[in-house]
Amino acid sequence: MKHLSILLAFTTGALALGALAIPHGVGAQAAGDAARGKVAFMKYGCYECHGTQGQGNLSAGPSLTPHPIPYANFIWYIRAPRADMPPYTARILPENVAQDIHAYLVSIPEGPKPGAIALLKDVDTGPALSAAIGHGREIFVETCQKCHGAAPLGPGLGNVKARMSLQQVVDQIKNPQLNETDARLGRPVMPKLYPALLSDRDVSDVAAYVQTL
Amino acid sequence: MAQKSGVGRRSFLAGVATAGAAAAASAASAAAAETPVVEPLKLGPPATAIAQADTGPVRLRVDDALHVMNPGSDYMVDVVKNLNIDYLATMPGSTFRGIHESFINHGMNAKPELISVVHEEISAGVAHGYAKVAGKPMAILVHNTVGLQHASMAVYNAWCDRAPMLILTGNIMDAANRRPGVEWDHTALDVAAIVRGYIKYDDSPVSLDSFRESTTRAYQLSATPPFGPAMVVVDGDLAELPVHGSPTKIVPYSAPHIASADPQTLDQIAKMLVGAQNPVILTGRTARTPAGMGLVVQLAELLQAPVLDDYTRMNFPTNHYLNGSFNRALLGQADVILSLEVGDLFGVVQDVQDLTERKTVRRIKPEAKVVEINSELVAGAGNYQDKQRFYPSDVPVPADAEASLPGLIEAVRRNLTTARTGQNDQRAAKLRASFNATRMLSRDMAAAGWDASPVALGRLSMEIWNQIKSEDWAFAGPTGFMSRFPQRLWDFTKPYQWAGESGGGGVGYATPALVGAALAHKGTGRLVVGVVGDGELMCAPGSLWTLAKHRIPALVIVHNNRAWHQETMHVQRMADRRDRDPSTAHIGTTITDPNIDYAKLAQSFGLYAETPIANPAQLGPALARAIKMVKNGTPALLDVVTQPR
């Protein structure tokens with residue numbers, strides 16, 4: 001899997017095409033200033049729910065880092081959020097400030113993995129996963145969990161196999177479809193990460209992992 | 001009982017007031033010269049004292065107008081001692097001075113032993129935390145009006161959390177006997193009215209016989225599910241004047257038998273559970289004794305049913321693969337749901353989200369059947385709305401869940417078929433995988449922000465766990481504002497390792513309840529640790545002094561996010577919804593400028609404490625040092641500057 005932040009750096013210029021031309025998913029990064037964004041992240045109270053590092057928590061807000069969602073999806077979401085997040089219009093959170101905040105989130109370095117943390121590596125999580133499922137899980141944690149995790153912004157995926165086949169999950173990842181809630185935005189909220197970010201194998205593995213939930 | 005003197009406390013006081021202090025002193029000297037020398041009281045152990053009171057009149061050693069040798073409060077104390085109450089938390093107040101003195105001199109300050117506190121809210125909070133660990137009530141003794149008003153919020157928390165306690169308060173019912181001024185201010189015609197909406201029972205007895213009956217009834221009701229505080233008013237005159245007549249003999253207290261559901265109903269429930277494809281068990285205030293957790297485990301394993309715990313009690317091991325508390329999807333799959341003493345069943349199976357449009361969202365299948373065993377179903381509700389929204393369960397059973405579990409387990413065993421048992425292996429495999437996946441996600445979440453400063457709550461939790469996991473430990477603080485990391489990643493396996501939450505959400509619960517829990521653990525050798533918020537601590541900081549005063553070993557860790565953070569988010573949300581500046585949400589919701597140094601505060605109360613810790617790398621060593629002090633018997637506090645949540 002290619003890291004989102006790297007990819008975004010290459011696609012920043014796409015913003016000049018204007019909002020209507022912004023494809024959902026990648027290619028929508030804005031030229032924000034990370035230092036200003038850090039100040040704004042605190043000033044506008046983003047840290048209240050998401051933590052100063054965007055790490056998230058169970059009760060108030062999901063993680064935003066590492067690898068924040070693409071800017072286009074980010075700005076769509078904060079303007080018309082689902083779940084408990086309140087809305088931020090351009091009047092109280094101007095576009096340039098939102099760009100700065102996103103740049104700050106992108107700039108936050110990835111922390112150590114659980115396996116590299118002495119106090120976490122011995123947490124009993126059962127037998128090791130198969131290579132494919134384990135790989136799918138890594139992708140899920142880095143990419144999908146922000147919306148489909150413990151504080152779901154997207155649909156919960158527990159027992160998803162009861163309503164979607166493996167192929168349907170693969171199809172949804174490759175070509176996100178509109179649903180009722182998304183319709184007010186006129187486009188899917190779920191970013192299209194394939195093929196720019198996720199390979200065929202990535203999609204296959206993450207779909208297989210999701211089927212285990 | 002014999003009492004020759006007709007001079008009571010009130011007339012004695014009036015005489016003193018009239019004659020003046022010098023004259024009184026002179027009169028007292030004269031009286032002393034004319035009467036036999038007062039021999040020091042040689043009271044036996046409590047049992048002897050009770051026996052003396054029960055078997056014959058109290059022998060007067062002094063017979064003059066200045067002494068009361070058989071005060072009513074001695075008998076009152078014998079009544080309380082008969083209830084086998086270990087502790088009595090109190091801040092002194094003149095309206096109960098008579099019984100206060102009797103507790104320490106007649107009762108020998110044992111069973112109950114007085115626990116000194118510096119605020120009545122702490123009294124009730126200590127009793128609340130104690131009851132959930134000890135499994136029985138302790139008593140509090142509070143001043144009339146002002147003292148009970150102080151205590152009231154903590155009494156409300158205990159009420160909402162269905163925790164028992166015996167409340168005693170003083171009063172002077174005979175207006176003719178009240179001193180002018182403050183004694184009137186500290187008297188009410190109906191003092192229990194202050195808390196009547198959130199106690200199970202109250203009475204204001206005017207005789208010792210009535211006191212015995214009312215106090216015994218109050219204790220019994222308090223300790224009968226659904227538990228709750230109960231109150232008896234101690235009349236000052238009744239306590240301070242001599243005993244008149246012969247109060248009835250005190251008979252040994254009999255604890256009530258707790259009602260279970262009837263066998264036919266349990267059989268019906270068992271058939272539903274055994275026939276279900278995806279049964280789910282919900283637990284709330286289910287385990288009220290150390291046996292409760294084991295019973296829930298037995299039932300869950302028989303059915304291979306996941307348990308979704310709301311963590312109001314220690315109901316289920318956190319490392320058991322059937323613990324599905326952090327996997328809400330399991331609820332959505334359920335076809336039969338068994339709810340055991342869940343305080344807010346509606347809030348579990350449905351939800352009303354904090355959105356501008358208050359939509360009710362159903363979390364369970366339309367066809368799912370809900371069975372509710374709940375002692376709450378026999379209790380009415382009044383002014384306060386703590387019973388939560390009504391959910392019309394399919395099989396409501398007004399009975400105690402823990403008492404019903406043995407019969408239900410037996411009924412499930414009877415109804416289990418070979419085919420049904422055969423499905424268990426498949427179900428177990430699926431639930432093991434689900435549990436492991438959830439734990440992995442929790443571990444990932446704890447890793448996020450691992451090196452952040454202020455300290456992330458996942459880091460704080462795992463640093464604590466690293467220090468205590470090899471000990472015989474108990475956690476005595478709330479975890480709701482810690483993303484429940486302890487329950488998600490620690491191994492809670494023993495019934496005493498968790499003491500629940502506040503019940504009513506009244507800020508100020510955590511610290512006194514931690515003290516009460518630690519008091520119940522005292523002498524067991526367990527390492528008691530708790531995390532309290534800074535806003536929580538500042539509502540009742542004097543609780544720390546009680547830890548030091550009574551040498552109660554415990555480690556208090558301050559989750560110092562320098563805000564009433566929940567409220568910061570609420571104000572921010574309001575500003576966002578109104579399209580107004582959200583950056584002002586800190587005004588009135590933060591505890592900064594100046595920052596409070598909780599280490600210095602704790603040191604001033606006599607605890608071991610270190611300077612505030614904001615660097616996560618310093619946390620482990622600081623915890624080790626503090627725990628060493630606690631293990632040596634010294635309570636300690638660590639002030640950890642933390643992320644908001």
Side-chain angles (χ1 to χ4, degrees), chain A residues 40 42-45 47-61 63 65-66 81-89 91-93 108 111-121 123-127 129 137 140-142 145 149-150 152 156-160 162 209 212-213, chain B residues 319 321 326-330 332-333 353-355 432-437 439-454 456-459 462-463 465-466 480-481 483-485 488-489 491 565 568-569 572-577 579-583 585-586 620 643-645:
Chain A
M42 301 300 288
K43 176 185 174 184
Y44 286 90
Y47 80 99
E48 304 276 5
C49 300
H50 299 287
T52 61
Q53 305 290 303
Q55 74 271 16
N57 59 71
L58 181 69
S59 57
S63 67
T65 56
R82 295 175 62 192
D84 287 346
M85 179 164 164
Y88 285 78
T89 66
R91 199 174 86 82
I92 59 173
L93 187 72
I108 294 173
K113 301 274 190 192
I117 297 172
L119 300 187
L120 289 174
K121 66 182 173 60
V123 172
D124 184 7
T125 55
L129 303 174
R137 185 181 174 282
F140 180 85
V141 169
E142 290 194 358
Q145 186 172 274
L157 298 181
N159 201 32
V160 71
Y209 170 72
T212 70
L213 295 176
Chain B
N319 61 350
Y321 70 94
F326 301 110
N327 187 355
R328 287 270 172 182
L330 295 168
Q333 300 163 30
Q353 292 178 302
D354 189 2
L355 302 172
R432 277 183 201 281
S434 168
F435 176 81
N436 290 334
R439 258 214 166 177
M440 273 191 263
L441 292 175
S442 300
R443 187 189 59 173
D444 295 336
M445 190 174 279
W450 187 256
D451 294 320
S453 176
L457 276 303
R459 176 72 179 262
M462 295 313 291
E463 293 283 0
W465 177 236
N466 187 48
F481 290 159
S483 289
R484 296 264 189 237
F485 276 118
R488 290 156 70 94
L489 291 171
D491 296 341
H565 186 73
T568 315
M569 291 188 290
Q572 186 182 358
R573 176 165 299 182
M574 290 298 100
D576 292 334
R577 283 186 188 166
D579 205 20
R580 297 200 283 234
D581 184 6
S583 69
H586 65 281
Q643 295 280 324
R645 282 284 182 273

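These values consider heavy atoms only, across backbone and side chains, with no hydrogens, waters or symmetry-generated copies. The shown structure was predicted, so the numbers you read here are calculated from the model rather than taken from an experiment. Below, chains carry the letters A, B, ... as their sequence lines are ordered, and counting in each starts from 1.
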Tightest non-hydrogen contact, residues A:Ile92 and B:Pro582, listed as CB-CD, 4.0 Å

Checking A:Thr52 against chain B: side chain, backbone, both or neither under 4.5 Å from a heavy atom?
-> both

The reported gap from CG in B:Asn436 to OG1 in A:Thr212 (rounded to nearest 0.5 angstrom) is 10.5 Å

Would you name the heavy atoms of B:Ala447 and A:Pro114 that are closest together and state the gap between them?
-> CB-CG, 3.8 Å

Side-chain contact test, heavy atoms from C-beta onward, threshold under 4.5 Å: evaluate it for A:Val141 versus B:Leu441 and give yes or no.
-> yes

Separation between CG of A:Asn57 and CD of B:Gln643, rounded to the nearest 0.5 Å = 9.0 Å

Tell me, side chain or backbone of B:Met569 under 4.5 Å from chain A's heavy atoms, or both, or neither?
-> side chain

Interatomic spacing from CZ in B:Arg645 to CG in A:Leu58 - rounded to 0.5 Å = 11.5 Å

Option in B:His565, B:Glu463, B:Gln353 with maximal non-hydrogen atom pairs under 4.5 Å from chain A = B:His565

Per-residue contact mode, A:Leu129 against chain B (heavy atom under 4.5 angstrom) | side chain

Quick one: CZ on B:Phe435 to OG1 on A:Thr125, what's the gap to the nearest 0.5 Å?
-> 10.0 Å

Which portion of A:Tyr47 sits near chain B, non-hydrogen atoms under 4.5 angstrom = both

If one checks every heavy atom of A:Tyr88 against chain B at 4.5 Å, the contacting part turns out to be side chain

Given the options B:Asp354, B:Asn327, B:Asp444, which has more heavy-atom pairs under 4.5 Å with chain A than any of the others?
-> B:Asp444

Is it the side chain or the backbone of B:Ser434 that comes within 4.5 Å of chain A heavy atoms, both, or neither?
-> neither

Pairs of heavy atoms under 4.5 Å with chain A: top-ranked of B:Arg484, B:Met440, B:Arg577 = B:Met440

How long is the gap from OG1 on A:Thr89 to CG on B:Asp576, to the nearest 0.5 Å?
-> 8.5 Å

Quick one: pull up CZ in B:Arg573 and CG in A:Asp84 and give me the separation to the nearest 0.5 Å.
-> 5.0 Å

If one checks every heavy atom of B:Asp579 against chain A at 4.5 Å, the contacting part turns out to be both

Does any heavy atom of chain A fall under 4.5 Å from the side chain of B:Ala585, the backbone, both, or neither of them?
-> neither

Sort A:Ile117 into side chain, backbone, both or neither according to what part of it lies under 4.5 angstrom from a heavy atom of chain B.
-> side chain

Looking only at A:Met42, A:Lys43, A:Gln53, the option with the highest number of non-hydrogen pairs under 4.5 Å against chain B is A:Lys43

Could you have a look at B:Arg439, B:Gln572, B:Met462 and say which one has the most heavy-atom pairs with chain A under 4.5 angstrom?
-> B:Gln572

